[in-house]
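The structure displayed is predicted, hence computed values, not measured ones. Just follow the structure's listing: the first ligand is 1, and inside any ligand the first atom is 1.
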Amino acid sequence: MLKPFSSLIDLSTGFLKDYDNKVERRLSNLKGMFSDNESFESMLASGDTLVYEVFEKKVPEESGQLAHAVTVIYPGKVGIEYFMTKGHFHVKEPTAELYLGIKGQGGIITQDKEGNSQYLDMSVGSLVYVSPYWAHRTVNTSDEPFSFLAVYPAEAGHDYGTIEKMGFPKLVVEQDGQTSLVDNPKFIKKTS
Ligand code: M6P
Ligand code: ZN
């Protein structure tokens, strides 16, 4: 049986100090996810930039356990679209997730299976509840690393395939120095 344990987030840097596992996501891991393919390919040609890292605590992937991780999204854009996570639905769809902004500025774009979408700004202290059935992707809208904590049922699972096929209904972009949401021209709405 898992004993109670603690870990430490350095609030001055936004990093989790004593993580058990680190997932690195580079540009090449996000192929096809940014809207502007030409900018993506030319950026990739000059280096496989680190886009974000997920620092995880290990807990068993079973009912009753709470998975938790700190994600740091580095500043950057592909074309006008901000650096972002892959985004996912949960494999076990009726599971929620809670986010807490730790450092920097960003936002979370969500969508349900009908193609409804909602964007929520995040800054230090923002507490975001992602309801069951809603896919979620986080973006860094600033010029410093954006760090947040996520807590979710350990058995939830990540469904990346659906997002790879459909995308999100909106893109989070910088236009005239402002963060804006624009329609994703490549979004594929579920028909059934
Ligand atoms: C948060 C949580 C994790 C997720 C991570 C990166 O920390 O939602 O479950 O893995 O963000 O997002 P993604 O898996 O979509 O790349
Ligand atoms: Zn999730």
**Student:** For Gly87, counting its heavy atoms only, list the atoms of ligand 1 lying under 4.0 Å from any of them.
**Tutor:**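 Near Gly87, the atoms of ligand 1 are 15 (O).
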
**Student:** Check Lys86 against Arg137 and note the closest heavy-atom contact, atom names and distance.
**Tutor:**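 Between these two residues, the closest heavy atoms are O-NH2, 2.8 Å.
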
**Student:** For residues Phe15 and Phe55, establish whether the separation of their ring centroids is below 6.0 Å.
**Tutor:**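 Here the rings of Phe55 and Phe15 have centres that are less than 6.0 Å from each other.
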
**Student:** Salt bridge or not for Arg26 and Asp48, using N-O below 4.0 Å?
**Tutor:**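 Between Asp48 and Arg26 there is no salt bridge, as every charged N stays at least 4.0 Å from the carboxylate O atoms.
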
**Student:** Provide the number and element of each atom of ligand 1 under 4.0 Å from a heavy atom of Tyr52.
**Tutor:**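 Within the 4.0 Å cut-off of Tyr52, ligand 1 contributes 6 (C), 13 (P), 16 (O).
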
**Student:** Is His136 close enough to the Zn ion (ligand 2) to have an N, O or S atom under 2.8 Å?
**Tutor:**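 Yes, since at least one N, O or S atom of His136 sits under 2.8 Å from the Zn ion (ligand 2).
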
**Student:** Drop me the distance from Ser147's OG to Lys103's NZ, to the nearest 0.5 angstrom.
**Tutor:**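 Here the rounded value is 9.0 Å.
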
**Student:** For Leu2 and Gln65, work out which heavy atoms get closest and say how close.
**Tutor:**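 Smallest interatomic distance, heavy atoms only, reads CD2-OE1, 3.7 Å.
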
**Student:** Is a donor on one side and an acceptor on the other found under 3.5 Å between the side chain of Ser142 and the backbone of Glu144?
**Tutor:**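 Answer holds: yes.
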
**Student:** For atom 14 (O) of ligand 1, what is the nearest protein heavy atom, given as residue, atom name and distance?
**Tutor:**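 Of every protein heavy atom, Tyr160 OH, 2.5 Å lies nearest to atom 14 (O) of ligand 1.
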
**Student:** Using a strict threshold of under 4.0 Å (side-chain N to carboxylate O), is an ion pair present between Glu93 and Lys113?
**Tutor:**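 A salt bridge links Lys113 with Glu93.
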
**Student:** Which protein non-hydrogen atom lies closest to atom 7 (O) of ligand 1, naming both residue and atom, and how far is it?
**Tutor:**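 Heavy-atom neighbour on the protein nearest atom 7 (O) of ligand 1: Thr71 OG1, 2.7 Å.
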
**Student:** Which pair of heavy atoms, one from Asn29 and one from Glu24, lies closest together, and at what distance?
**Tutor:**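 Residues Asn29 and Glu24, closest heavy atoms: OD1-O, 3.8 Å.
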
**Student:** Which ligand 1 atoms, with their elements, are less than 4.0 angstrom from a heavy-atom of His158?
**Tutor:**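 Here the atoms of ligand 1 in question are 3 (C), 4 (C), 9 (O), 10 (O), 14 (O).
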
**Student:** Which of the numbered atoms in ligand 1 are under 4.0 angstrom from any heavy atom belonging to Tyr99?
**Tutor:**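 Close to Tyr99: 1 (C), 2 (C), 8 (O).
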
**Student:** If you stand at the Zn ion (ligand 2) and look out to NE2 of His90 and OE1 of Glu97, what angle do those two lines make, to 10°?
**Tutor:**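 Value, to the nearest 10 degrees: 90°.
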
**Student:** Is it the side chain, the backbone, both or neither of Arg137 that has a heavy atom closer than 4.0 Å to ligand 1?
**Tutor:**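 No part of Arg137 comes within reach of ligand 1.
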
**Student:** Looking at atom 2 (C) of ligand 1, what's its closest protein heavy atom, distance included?
**Tutor:**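 Answer, as residue, atom name and distance: Glu97 OE2, 3.1 Å.
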
**Student:** Closest non-hydrogen protein atom to atom 12 (O) of ligand 1, residue and atom name please, with distance?
**Tutor:**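 Nearest neighbour among protein heavy atoms for atom 12 (O) of ligand 1, to 0.1 Å: Thr85 CB, 3.6 Å.
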
**Student:** If the cut-off is 4.0 Å to any non-hydrogen atom of Ala150, which atoms of ligand 1 fall inside it?
**Tutor:**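 Answer for ligand 1: 1 (C), 2 (C), 7 (O).
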
